[in-house]
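Counting starts at 1 for both ligands and their atoms, following the listed order. Residues: numbered from 1 along the sequence shown. It should be emphasised that the depicted structure is a prediction, and the values quoted were computed from it without experimental measurement.
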Amino acid sequence: MWLRKTMTVAAFLCAVAGGTNMAAADDSKPEYALVIHGGAGTITRDKLTPELEADIRATLNEALSTGQTILSSGGTALDAITATIQVLENSPHFNAGKGAVFTAEGKNELDSSIMDGSDLNAGAVSGVTNVKNPITLARAVMEKSVHVMLQGPGAEKFADENGIERADDAYFYTEYRWNQLQDAKAKQKGPILDHDGKKHSSVEDITNGDYKFGTVGAVARDKHGNLAAGTSTGGMTNKSHGRVGDAPIIGAGTYANNESCAVSATGHGEYFIRATVARNICALMEYAGLSLEDAANRVVKDQLVKMGGDGGIIAVDKDGNTVMPFNTPGMFRGRVTSVMDAEVAIYED
Ligand code: ASP
């Protein structure tokens, strides 16, 4: 029987009966897929110069091609997302690694997490200050410690024990982020999430709509059918000392399970934690039988909108389907699969 490996019995019967649609659809099922984001927020055309936009698009393309090279040669989803996120962390354009936002005290405190969908192993770090690539440290926590999350000085000590590259304060500094902190401070009198005494006031209220998120993340399905997800961020401009967002929290900012999907989120972390966004999307697929698209839209465009939580997510499911929904004016994003050329986008249209 010449039945091809990628052709289901139903597709075979359909092809024999003269129907070609199913066979064509099966042919287009990707062997691998990679999706990335560089943050969601009030990103509109008037806010980016053509040069900056071109530079950001080039970095997103570089990140995609780095991950694609690994996936197309049979590498793992974990390796692909780690290398992809490192490219984004090393770029000053995104709020992760170099170019991270500043806390109210003028520091860079970085959060990151990673999850392996094949065995539900996970690693995370929060509040690290001098680690060049927090995603690398999160992965080391996953692979070399018995814990899931390490924070602050303990996480940095673990970095040294495991030979993870460090960087001094000056490495993370960008004038743009520093000015953003001064701007945020000038526009509000208290801590960013409590400026008017309301616990859940929105980022738009706080900064008059000028605030942009810039967290980075990647999700992938590899040729072996394994899924992985990772997220890295500096958090939110002017955040309080000790504040931890959704990015390092497994189930909120990051989740991966080979049985359903892999998700990385960006947005107003407090809401993403309360809505357990990443896990919820996978659970809707797993327990309620929703498609990836329906599950992601339910959480991002319905649940989060009702709560007032701005942001978006990227996700890939076990069949290599990809989605990138957001409820803000824009989200830096991109994807590539074995059957689709790389595409990057910023605005809603
Ligand atoms: N989710 C991040 C946080 O709340 C921010 C972002 O996505 O840019 O820390």
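- Of the listed options K239, R243, H268, M331, R243 places a heavy atom closest to atom 4 (O) of ligand 1.
- A distance of 9.0 Å separates OG1 of T231 from CD1 of I114, quoted to the nearest 0.5 Å.
- When each atom of ligand 1 is checked for a heavy atom of D246 under 4.0 Å away, the hits are 1 (N), 2 (C), 3 (C), 4 (O).
- Within the 3.5 Å criterion, the main-chain N or O of G235 finds a donor-acceptor partner in the side chain of N95.
- The shortest N/O to N/O separation between D111 and ligand 1 does not fall below 3.5 Å.
- Other residues, nucleotides and ligands contribute over 12 non-hydrogen atoms within 6.0 Å of the CG atom of D160.
- Listed by atom number, the atoms of ligand 1 under 4.0 Å from G235 heavy atoms are 5 (C), 9 (O).
- Taking the ring axis of F102 as reference, the NZ or CZ atom of K107 does not stay both within 45° of it and closer than 6.0 Å to the ring centre.
- Connectivity analysis of hydrophobic side chains (ILVMFWY, heavy atoms under 4.5 Å, direct or indirect) links Y287 to nothing; its cluster partners are none.
- Residue contacts with ligand 1: A247 is excluded, as none of its non-hydrogen atoms falls under 4.0 Å.
- Residue G269 places at least one N or O, backbone or side chain, under 3.5 Å from an N or O of ligand 1.
- The ligand atoms of ligand 1 that sit less than 4.0 angstrom from a heavy atom of G214 are 8 (O).
- Ligand-side atoms of ligand 1 in range of T266: 6 (C), 7 (O), 8 (O), range being under 4.0 angstrom from any heavy atom.
- Other residues sharing the hydrophobic cluster of V148, ordered by chain and number and joined by side-chain separations under 4.5 Å: M115, L120, I250, Y255.
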